[in-house]
There are 2 protein chains.
Amino acid sequence: MSKAPSPTRIQKKNRAAILEAALEMFSTHGFRGTTVDQIATQAGLSKPNLLYYFPSKEAIFAELMEALLDTWLDPLRALDPDGEPLDEILAYVQRKLQMSRDFPRESRLYANEIVQGAPRLGDTIATDLKALVEEKSALLENWMTAGRINRTHPKHLLFSIWSLTQHYADFDVQVRTLMGDEDPYDAAPDYLETLYRRMLTPRT
Amino acid sequence: MSKAPSPTRIQKKNRAAILEAALEMFSTHGFRGTTVDQIATQAGLSKPNLLYYFPSKEAIFAELMEALLDTWLDPLRALDPDGEPLDEILAYVQRKLQMSRDFPRESRLYANEIVQGAPRLGDTIATDLKALVEEKSALLENWMTAGRINRTHPKHLLFSIWSLTQHYADFDVQVRTLMGDEDPYDAAPDYLETLYRRMLTPRT
DNA sequence: CTATGATTTGACCAACTGGTAAAACTCACG
DNA sequence: CGTGAGTTTTACCAGTTGGTCAAATCATAG
């Protein structure tokens with residue numbers, strides 16, 4: 001069996017600092033646009049020192065991506081089959097919007113990766129994400145068939161939720177430039193709630 | 001006055017080939033992720049030969065961006081104050097969706113730039129785009145005040161249109177992976193039309 | 001054909017980048 | 001305090017990259 005060497009206090013601190021710095025840099029400059037030196041400096045280390053903690057630039061990115069995906073799908077997983085459909089969906093939208101506000105860098109890291117064709121992520125999308133999406137769109141389909149929400153295309157519904165919420169993180173610069181003083185997140189929750197309520201409330 | 005040397009046949013052909021190749025590479029690998037050699041090869045030229053037509057990698061990118069922005073805003077410019085509000089908006093949505101289908105690389109190029117903080121575009125957004133957005137959101141505001149469409153936040157309305165339509169180009173890999181055989185653009189027009197119709201049709 | 005400007009190429013370079021090796025230092029623990 | 005593992009630094013390297021330059025080649029008007 002492989003012995004897991006328990007990390008020292010310094011290891012824990014430095015690995016965390018590196019991942020934090022890497023998230024900052026990768027999310028704004030992309031993988032190729034980020035240098036190991038930049039990450040090291042941002043983390044307060046020298047380049048060889050950083051490479052003492054991670055074997056390569058790729059390894060840092062990979063670890064970041066893995067952690068990201070795990071938390072990224074949580075809001076969707078939480079969509080409860082036993083809840084009230086409209087409430088469940090609206091709550092999902094708000095959770096997703098909250099993630100854009102709280103973890104914009106993670107959102108941009110993901111966006112960067114997908115826009116460039118998901119070169120380091122393709123498999124995970126095709127398996128984990130795909131499975132989850134199939135499960136949840138079947139659930140949406142059932143709710144529609146039962147007449148509990150308006151009929152529409154379940155997958156496009158999911159895409160629209162992702163796109164609308166992540167837009168506030170991914171296009172943050174543009175959104176803020178165009179909104180001036182007004183904080184985008186002041187009106188966004190209301191806007192999205194209204195949108196999906198009108199979209200999905202069953203016609204009586 | 002500066003004399004504009006009229007481009008030869010070869011110049012026209014090669015400059016076009018370079019811009020086409022650069023669009024392909026920049027949109028999938030980003031600025032830093034693309035090498036001049038890659039662009040040259042893709043365009044069927046040698047690297048020094050490419051640099052005979054453009055002074056630098058930056059210059060290629062800049063020319064691409066300028067051309068992009070011009071066409072990118074056309075659909076919004078076409079929003080007609082004298083048209084029937086709901087029809088105008090729905091038509092705008094479809095035009096934008098059509099652009100995602102026809103020019104996905106341009107959409108991804110733009111997305112790449114914005115996600116990374118618009119380092120080479122900041123000014124244009126703050127001036128040209130901002131002016132256009134102010135004008136059109138005032139128009140939307142008027143339509144709402146006149147009760148011709150449901151009241152909502154005009155800028156968030158615009159953001160939502162951009163995000164929903166561009167998502168199909170920017171996240172193309174993810175969308176197609178999750179939809180399997182089904183072509184996303186089969187159902188997308190209908191989905192978006194329904195969404196905005198329900199969202200905006202005035203309550204009688 | 002030929003001269004002249006337009007185009008293309010091969011050789012090259014300096015800066016940068018990811019990564020390595022080994023020496024030097026630090027720190028916890030007996 | 002001493003000692004060995006854990007940590008950090010200095011020096012370095014090989015490959016890549018954006019870009020230059022002068023020579024070679026090509027196209028075409030006269």
Side-chain angles (χ1 to χ4, degrees), chain A residues 2-65 109 112-113 116 119-120, chain B residues 2-65 109 112-113 116 119-120:
Chain A
S2 69
K3 182 183 149 209
S6 68
T8 69
R9 173 182 50 88
I10 293 180
Q11 270 169 22
K12 221 177 281 185
K13 189 194 63 165
N14 280 350
R15 282 184 56 94
I18 290 169
L19 288 173
E20 158 69 23
L23 173 59
E24 182 72 26
M25 303 309 286
F26 282 143
S27 67
T28 52
H29 301 304
F31 182 78
R32 288 281 317 260
T34 300
T35 72
V36 177
D37 239 332
Q38 284 171 6
I39 302 175
T41 301
Q42 181 91 5
L45 301 173
S46 68
K47 181 172 63 161
N49 197 9
L50 178 148
L51 289 166
Y52 169 73
Y53 291 99
F54 286 86
S56 70
K57 186 179 166 184
E58 293 268 2
I60 305 175
F61 191 86
E63 187 149 331
L64 225 40
M65 266 297 166
L109 182 65
N112 252 309
E113 175 70 5
Q116 304 198 357
R120 308 159 218 279
Chain B
S2 69
K3 181 183 149 209
S6 68
T8 70
R9 174 180 50 90
I10 293 179
Q11 268 168 23
K12 222 177 280 184
K13 188 194 66 165
N14 279 350
R15 282 183 57 93
I18 290 168
L19 289 173
E20 158 69 23
L23 173 58
E24 182 72 26
M25 302 310 285
F26 281 144
S27 66
T28 51
H29 302 303
F31 182 78
R32 286 283 316 261
T34 300
T35 73
V36 176
D37 241 331
Q38 284 170 6
I39 301 176
T41 301
Q42 181 93 5
L45 301 172
S46 68
K47 182 171 61 159
N49 196 8
L50 178 149
L51 288 167
Y52 169 73
Y53 291 100
F54 286 87
S56 69
K57 185 180 166 183
E58 293 268 1
I60 306 176
F61 190 87
E63 188 151 329
L64 225 42
M65 266 296 166
L109 182 66
N112 251 309
E113 176 69 7
Q116 305 199 354
R120 308 159 217 277

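Naming: A, B, ... by sequence-line order, numbering from 1 per chain.
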Whole-Å distance separating the CD1 atom of A/Ile10 from the P atom of C/dT26: 12 Å

- prompt: Is there side-chain contact between A/Phe26 and A/Ile39, with at least one heavy-atom pair below 4.5 Å?
  reply: yes

task: Please answer whether the main-chain N or O of A/Thr8 pairs with a side-chain N or O of A/Lys13 as donor and acceptor at a distance below 3.5 Å.
output: no

message: Is the phosphate of D/dT16 approached by B/Thr35 (side-chain N or O, under 4.0 Å from OP1 or OP2)?
response: no

Integer-rounded Å distance: D/dG19 C1' and B/Ile18 CD1: 15 Å

- prompt: Rounded to whole angstroms, how far apart are CD on A/Gln38 and C1' on C/dT17?
  reply: 11 Å

- prompt: Is any side-chain heavy atom of B/Leu109 less than 4.5 Å from a side-chain heavy atom of B/Glu113?
  reply: no

field: Note, B/Phe31 side chain near B/Lys57 side chain (heavy atom, < 4.5 Å)
entry: yes

- prompt: Are any of B/Arg32's side-chain N or O atoms less than 4.0 Å away from OP1 or OP2 of D/dG18?
  reply: no

message: I need the residues from residues 44-63 of chain B with at least one non-hydrogen atom less than 4.0 Å from DNA chain C; give them sorted by number, or say none.
response: B/Ser46, B/Pro48, B/Asn49, B/Tyr52, B/Tyr53

- request: State whether A/Gln11 places a side-chain N or O below 4.0 Å from either non-bridging phosphate oxygen (OP1 or OP2) of D/dT7.
  value: yes

query: What is the distance, rounded to the nearest whole Å, between atom CG of A/Asp37 and atom C1' of C/dG19?
result: 11 Å

- prompt: For D/dT8, does OP1 or OP2 lie under 4.0 Å from any side-chain N or O of A/Asn14?
  reply: yes

query: For the residue pair B/Glu63 and B/Leu19, what are the closest heavy atoms and their distance?
result: OE2-CD1, 4.0 Å

task: May I have the distance from A/Met25 (atom CE) to C/dT17 (atom C1'), rounded to whole angstrom?
output: 14 Å

d(CD1, A/Ile39; C1', C/dG19) in whole Å: 13 Å

message: Whether A/Arg9 contacts C/dA28 is assessed here as follows: a side-chain N or O lying under 4.0 Å from the phosphate OP1 or OP2. Is that the case?
response: yes

- prompt: Side chains of B/Val36 and B/Ile60: does their closest heavy-atom pair fall under 4.5 Å?
  reply: no

- request: Please collect all side chain to side chain donor-acceptor pair (under 3.5 Å) contacts where either partner lies in residues 31-54 of chain A, sequence neighbours excluded, each pair once.
  value: A/Asn14-A/Tyr53

